[in-house]
Amino acid sequence: MQVRLALLSNAGGSGKTTLAVHLAYLLANEGFRVALIDLDPQGSVSLFCGLPRPKGTQTIAAVLQEDFQGNWPLIPLWQEHLQNVEACQGEMGLVKTINELVLHERGAYLLGDRIADYPLPHDLVIFDCPATLGPLPLIALSACTHLLIPVQVEPKSADGSSKLLEWLYHTTHRLRLKPEPQIIGFVPNQYDQRLAIHRNILAQLLPQLEKLKIHGFAPIRFSSEFKNASGLGVPLHLYRPNHPACADFSLIVSKLVELLKKKD
């Protein structure tokens with residue numbers, strides 16, 4: 001049994017890739033074997049992890065082809081520091097894959113089918129999804145066991161969260177997913193406590209989530225150091241290990257460790 005975690009958001013700039021990369025590093029640092037799968041045609045994981053642009057045959061698009069034989073195109077991350085975290089890159093070839101998924105008889109379930117037929121040996125698989133509610137998030141939803149929803153602390157992103165929850169509810173029922181993926185919680189991102197609008201949105205968001213029985217994690221603060229770290233292809237913990245934002249991930253990591261130990 002493995003935890004397969006999809007990071008979903010229908011708004012750009014919500015911090016999905018930042019969250020995905022840091023969770024991959026931190027859980028690997030806890031001793032778990034982690035696979036980070038980039039389902040975004042923009043290939044953000046490659047950029048944030050300092051990876052060269054891949055060929056089409058070396059991306060997740062190849063996994064979704066009919067002739068796939070189980071050779072997952074995984075590339076190690078941060079080998080100077082860890083030996084147990086790998087990435088499956090995304091790129092623009094996924095745009096063509098979107099059209100193919102719509103026409104495929106098992107399109108919505110294809111990623112889950114691949115994992116069932118050719119299992120990954122990792123304890124944790126993280127799906128970094130594009131900021132849409134289209135075919136690529138759909139295959140992540142059908143393949144995952146758990147969901148984590150990053151949300152930027154801005155009016156447009158907060159409003160979009162309700163639409164995302166509606167989509168999740170209707171889609172899980174339409175696909176008849178059994179069991180349904182569990183929502184671990186919402187992660188407010190790029191939070192600046194000096195801004196009244198951020199404080200007000202956070203104060204409204206958390207009680208709304210509580211009414212829905214959805215956990216709201218403490219926010220991850222805004223810092224330009226995240227961009228500086230990603231520019232070097234490393235998580236903040238390797239770039240500036242004493243930066244206060246490093247501690248912002250601890251509660252999410254603790255929850256994932258708890259889930260992983262339950263799976264054992």
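In this text, all values refer to a predicted model and were calculated from it rather than measured experimentally. One is the number of the first residue; the rest follow in order along the sequence.
- In this structure, Thr18 contributes its side chain and Gly15 its backbone to no donor-acceptor pair below 3.5 Å.
- Of the charged side-chain nitrogens involved, none lies within less than 4.0 Å of a carboxylate oxygen, so that Lys16 and Asp128 do not count as a salt-bridged pair.
- With hydrogens and angles disregarded, no donor-acceptor distance shorter than 3.5 Å links the side chain of Glu30 to the backbone of Leu26.
- With 3.5 Å as the limit, one finds no donor-acceptor pair spanning the side chains of His198 and Gln190.
- Under the 4.5 Å side-chain heavy-atom criterion for Ile, Leu, Val, Met, Phe, Trp and Tyr, Leu165 and Leu175 are members of the same hydrophobic cluster.
- Within 6.0 Å of CD on Gln79 lie more than 12 heavy atoms contributed by other residues, nucleotides or ligands.
- At a threshold of 4.5 Å between non-hydrogen side-chain atoms, the residues Ile139 and Leu101 count as touching.
- Within the 3.5 Å criterion, the main-chain N or O of Ala245 finds a donor-acceptor partner in the side chain of His243.
- Using a 4.0 Å cut-off between a side-chain N of Lys or Arg and a carboxylate O of Asp or Glu, Arg33 and Asp123 do not qualify as a salt bridge.
- Contact detail for Glu91 and Ala61: the closest heavy-atom pair is OE2-CB, 4.3 Å.
- Looking only at side-chain heavy atoms (C-beta outward), Ile60 and Leu94 come within less than 4.5 Å of each other.
- For an aromatic pair to be called close, the ring centres must be under 6.0 Å apart, and Tyr118 with Phe68 satisfies this.
- Side-chain heavy atoms closer than 4.5 Å link hydrophobic residues (I, L, V, M, F, W, Y) into clusters, and following such links, possibly through other members, connects Leu236 to Trp78.
- Pro188 approaches Val153 most closely through the heavy-atom pair CB-CG2, 3.9 Å.
- The minimum heavy-atom distance linking Ala24 with Ile126 is given by the pair N-CD1, 3.8 Å.
- The distance from the SG atom of Cys129 to the CG atom of Asn10 is 12.0 Å, given to the nearest 0.5 Å.
- Val102 and Leu136 end up in different hydrophobic clusters when Ile, Leu, Val, Met, Phe, Trp and Tyr side chains are linked at under 4.5 Å.
- At a threshold of 4.5 Å between non-hydrogen side-chain atoms, the residues Phe127 and Asp40 do not count as touching.
- Counting heavy atoms of neighbouring residues, nucleotides and ligands inside a 6.0 Å radius, atom CG of Asn71 does not exceed 12 of them.
- Taking the six-membered ring where tryptophan is involved, the planes of His173 and Tyr169 are tilted, since the angle between them lies from 30° to 60°.
- Residues Thr59 and Gln89 bring no donor and acceptor atom of their side chains to less than 3.5 Å of each other.
- Put simply, the side chain of Trp167 reaches to within 4.5 Å of the side chain of Leu138, judged on heavy atoms.
- Dense packing is recorded around CZ of Arg199, with more than 12 heavy atoms of other residues, nucleotides or ligands lying under 6.0 Å away.
- In this structure, the side chains of Ile252 and Leu19 come closer than 4.5 Å at one or more pairs of heavy atoms.
- When atom types are taken as modelled, the side chain of Arg114 and the backbone of Val63 share a donor-acceptor pair closer than 3.5 angstrom.
- In the displayed structure, Gln65 atom CD is contacted under 6.0 Å by more than 12 heavy atoms of other residues, nucleotides or ligands.
- Between Gln204 atom CD and Leu209 atom CG the span is 12.0 Å, to the nearest 0.5 Å.
- When all heavy atoms of Pro135 and Ile98 are compared, the pair lying nearest together is CG-CG2, 3.6 Å.
- Of the possible polar contacts, none joining the Glu86 side chain to the Pro76 backbone as a donor-acceptor pair under 3.5 Å is found.
- Linking ILVMFWY residues whenever their side-chain heavy atoms come closer than 4.5 Å, directly or via other members, places Tyr239 and Leu47 in the same cluster.
- The aromatic rings of His22 and Phe249 sit parallel to each other, their planes meeting at less than 30°, with 60° as the upper class boundary.
- The distance from atom CG of Leu23 to atom CG of Leu124, rounded to the nearest 0.5 Å, is 8.0 Å.
- Side chains of Asn29 and Val253 form no contact here, defined as non-hydrogen atoms less than 4.5 Å apart.
- Within the 4.5 Å cutoff, no side-chain heavy atoms of Leu5 are placed close to those of Thr145.
- Residues Ser14 and Asn189 have side chains that never bring a donor and an acceptor to within less than 3.5 angstrom of each other.
- Note: Asp38 CG to Ser44 OG = 6.0 Å, rounded to the nearest 0.5 Å.
- Residues Leu148 and Phe217 are in side-chain contact: their nearest non-hydrogen atoms beyond the backbone lie under 4.5 Å apart.
- To the nearest 0.5 Å, the span separating CG on Leu238 from CD on Glu80 amounts to 9.5 Å.
- There is no path of hydrophobic side-chain contacts, each under 4.5 Å, that joins Leu74 to Tyr25.
- In the model, Glu210 has no side-chain atom that pairs as donor or acceptor with a side-chain atom of His215 under 3.5 Å.
- Note that the CD atom of Glu154 and the CD1 atom of Ile197 stand 7.0 Å from one another [nearest 0.5 Å].
- Heavy atoms of other residues, nucleotides or ligands lying less than 6.0 angstrom from CZ of Phe222 number 12 at most.
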